[in-house]
Participant: 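Structure provided below as structure tokens; questions to follow.
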Number of protein chains: 2
Amino acid sequence: MTEHRATAPSAGASTATRGRRADAERNRAAIITAATAVFAERGGEVDVREIARRSGVGMGTLYRHFPSKEDLLRLSLEQEFTAWLTEAHERAAATQDPWQALSGFFEQVLTTQAHNRALMDSYVQTGGPTEACVQKCRAFIDALRERCEQAGLLRRGVSTEDLLSLSASLCQVVQTPGGQHRWRRLMTVSLDGLSSRHPEPLPS
Amino acid sequence: MTEHRATAPSAGASTATRGRRADAERNRAAIITAATAVFAERGGEVDVREIARRSGVGMGTLYRHFPSKEDLLRLSLEQEFTAWLTEAHERAAATQDPWQALSGFFEQVLTTQAHNRALMDSYVQTGGPTEACVQKCRAFIDALRERCEQAGLLRRGVSTEDLLSLSASLCQVVQTPGGQHRWRRLMTVSLDGLSSRHPEPLPS
DNA sequence: GGGCAAGCGGAGCAACCGCTCCGCTTGAAC
DNA sequence: GTTCAAGCGGAGCGGTTGCTCCGCTTGCCC
């Protein structure tokens with residue numbers, strides 16, 4: 001309840017940079033930057049004090065800008081996830097072969113998530129940090145699936161949800177001991193199991 | 001340091017039921033039973049007070065019998081894991097077809113783990129609750145792998161560790177929303193990707 | 001430069017959790 | 001029945017974590 005009271009009485013304060021003092025703006029940015037780094041390194045369960053320390057502000061300042069730790073985490077992850085999904089779109093658009101586009105996506109999931117604990121946790125558990133993010137991701141995967149299916153490369157009966165779940169489960173492998181040297185092998189296994197080389201459709 | 005001082009001065013007090021009062025013995029059993037149930041339901045991070053409540057004893061009694069929550073968890077999981085692995089051995093011995101033995105094991109992993117949070121967590125993270133358990137499990141999986149390989153059913157280059165990691169990663173699927181209706185499909189995908197139907201060996 | 005609202009920092013509150021301490025109770029040996 | 005060590009329960013300690021409160025500082029407008 002300390003947030004958006006802005007200078008102008010109108011609108012929903014979309015960019016929300018209005019009417020904030022210069023130092024406040026700097027602090028806000030520093031907090032998001034630090035939070036993003038800390039969450040990536042240690043996951044979403046870090047002590048808020050660590051984020052305050054790393055961004056060089058006090059607890060009061062942190063909570064003036066963000067109503068709760070949960071909100072800060074969500075905002076940070078939304079940002080990262082959106083950028084990540086944009087990159088995925090670009091890569092897919094630049095790839096001719098539908099199957100290569102799909103397997104390229106799996107690879108991007110796994111390489112990115114390997115370096116971002118909090119992002120990975122949210123991907124593994126629900127598919128993304130927010131419902132909106134998950135929807136966008138699902139839509140993207142669905143397009144990849146469609147392309148592969150039309151080209152007759154995908155096994156019959158494979159759903160979008162299957163692809164999401166499978167990529168998420170492989171994320172898990174990455175962070176087990178020795179996982180860094182193993183995820184690519186298991187990704188190959190999974191993708192091969194998804195290919196139309198298997199004439200039997202998946203059981204419903 | 002309150003533990004084994006037994007009546008007899010000899011031996012390592014293997015079953016450790018010696019020289020304990022009847023009520024103490026009852027309480028000890030009640031605690032393990034309750035702990036096993038609670039850990040299965042809610043995972044290894046439950047409040048110790050919950051276990052004390054469910055077993056009908058006070059905190060003092062709980063800590064008289066078990067030096068730490070970690071020890072109680074380990075003991076409970078060791079017990080469950082051992083029983084589970086014994087069942088796996090029996091099933092495998094009773095199954096003629098090597099490939100069916102392997103896929104039967106995957107199925108057992110996933111059905112069991114679906115109802116046991118703490119056990120699943122330990123399986124996902126390291127392969128079992130203790131190093132000894134993991135070794136036994138690895139040895140068992142290695143025997144399954146060997147059987148499949150000798151029968152020419154397994155894709156070349158698949159290691160024991162791969163099978164352990166893959167089954168663990170599928171555990172993750174089980175506890176995501178909708179996972180109960182999806183893990184069997186993804187298990188099929190994974191197993192098919194592991195079959196010798198794929199002539200290309202796994203990349204090293 | 002002066003005035004003051006916006007902003008700041010961090011001590012501290014409340015809730016939680018693993019574990020301990022100690023006065024009371026009780027099983028069992030005689 | 002008496003005795004007493006073994007056993008019991010739960011209040012409470014110490015540490016952690018999310019969040020708040022409030023006295024002090026500072027950017028901005030004149």
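Note that the coordinates shown come from a computational prediction; the quantities given were computed from them, not determined experimentally. Letters go in sequence order (proteins before strands), and every chain restarts at 1. Because only heavy atoms are used, hydrogens play no part in the values below, and waters and symmetry mates are left out as well, while side chains stay in.
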Participant: So does B/Glu70 pair up with B/Arg74, basic N to acidic O under 4.0 Å?
Facilitator: no
Participant: Please report, rounded to the nearest Å, how far the C1' atom of D/dG7 is from the CD1 atom of B/Ile31.
Facilitator: 11 Å
Participant: Nearest to the side chain of A/Asp23, which nucleotide is it out of D/dC8, D/dG27, D/dG18?
Facilitator: D/dG27
Participant: Output the residues of residues 33-42 of chain A in contact with DNA chain D, where contact means a heavy atom of the residue under 4.0 Å from an atom of the strand; sort by number or write none.
Facilitator: none
Participant: Pick the closest DNA chain C nucleotide for B/Ser68 and for B/Arg26 by heavy atoms, then say which residue is nearer the 5' end.
Facilitator: B/Ser68
Participant: How are the rings of A/His198 and B/His198 set to each other: parallel, tilted or perpendicular (split at 30° and 60°)?
Facilitator: tilted
Participant: Is B/Ser195 reaching over with its side chain to a backbone N or O of B/Leu191, donor-acceptor style, under 3.5 angstrom?
Facilitator: no
Participant: May I ask you to verify if any side-chain N or O of A/Tyr63 is less than 4.0 angstrom from the OP1 or OP2 atom of D/dT20?
Facilitator: no
Participant: Specify the separation, in whole Å, of atom CZ of A/Arg64 and atom P of D/dT26.
Facilitator: 15 Å
Participant: Select one nucleotide: of D/dG27, C/dT20, D/dC19, the one nearest the side-chain heavy atoms of A/Lys69.
Facilitator: D/dC19
Participant: To the nearest Å, give me how far apart CG (A/Leu62) and P (D/dC21) are.
Facilitator: 16 Å
Participant: With respect to the side chain of A/His65, which nucleotide from C/dG7, C/dC8, D/dC8 is positioned closest?
Facilitator: C/dC8
Participant: Would you kindly compare A/Asn27 and B/Gly60 by the position of their nearest DNA chain C nucleotide and give the one closer to the 5′ end?
Facilitator: A/Asn27
Participant: Check this for me: does any side-chain nitrogen of one of A/Arg53 and A/Glu50 sit under 4.0 Å from a carboxylate oxygen of the other?
Facilitator: yes
Participant: Side chain of A/Ala22 only, please: which of D/dG10, D/dG27, D/dC8 is the nearest?
Facilitator: D/dG27
Participant: Could you pull out the closest heavy-atom pair between B/Leu163 and B/Phe106, with the gap in Å?
Facilitator: O-CZ, 3.7 Å
Participant: Should B/Arg91 and B/Glu107 count as an ion pair when the cut-off is N to O under 4.0 Å?
Facilitator: no
Participant: Which one, C/dC8, C/dC19, D/dG18, comes nearest to the side chain of A/Thr61?
Facilitator: C/dC8
Participant: Picking from C/dG18, D/dC19, C/dG7, which would you name as closest to the side chain of A/Met59?
Facilitator: D/dC19
Participant: For the pair B/Tyr123 and B/Trp84, name the ring-plane relationship: parallel under 30°, tilted 30 to 60°, perpendicular over 60°.
Facilitator: perpendicular
Participant: Could you measure the distance from the OG atom of B/Ser190 to the CG atom of B/Asp162? Nearest 0.5 Å is fine.
Facilitator: 11.5 Å
Participant: When you measure from the side chain of B/Arg185 to the backbone N and O of A/Pro203, does any donor-acceptor pair fall under 3.5 Å?
Facilitator: yes
Participant: B/Glu25 CD to D/dA6 C1': how many Å, rounded?
Facilitator: 14 Å
Participant: For the side chain to side chain contact (heavy atoms under 4.5 Å, CB included) test, which of A/Thr160, A/Leu194, A/Leu102 pairs with A/Arg145?
Facilitator: A/Thr160
Participant: Write down the distance between CG (A/Leu73) and P (D/dT17), rounded to a whole number of angstrom.
Facilitator: 16 Å
Participant: Looking at DNA chain D, which of residues 46-53 of chain A put a heavy atom within less than 4.0 Å of it?
Facilitator: A/Val46, A/Asp47, A/Val48, A/Arg49
Participant: Among C/dC8, D/dC8, C/dA11, find the nucleotide with the atom closest to the side chain of A/Ala24.
Facilitator: C/dC8
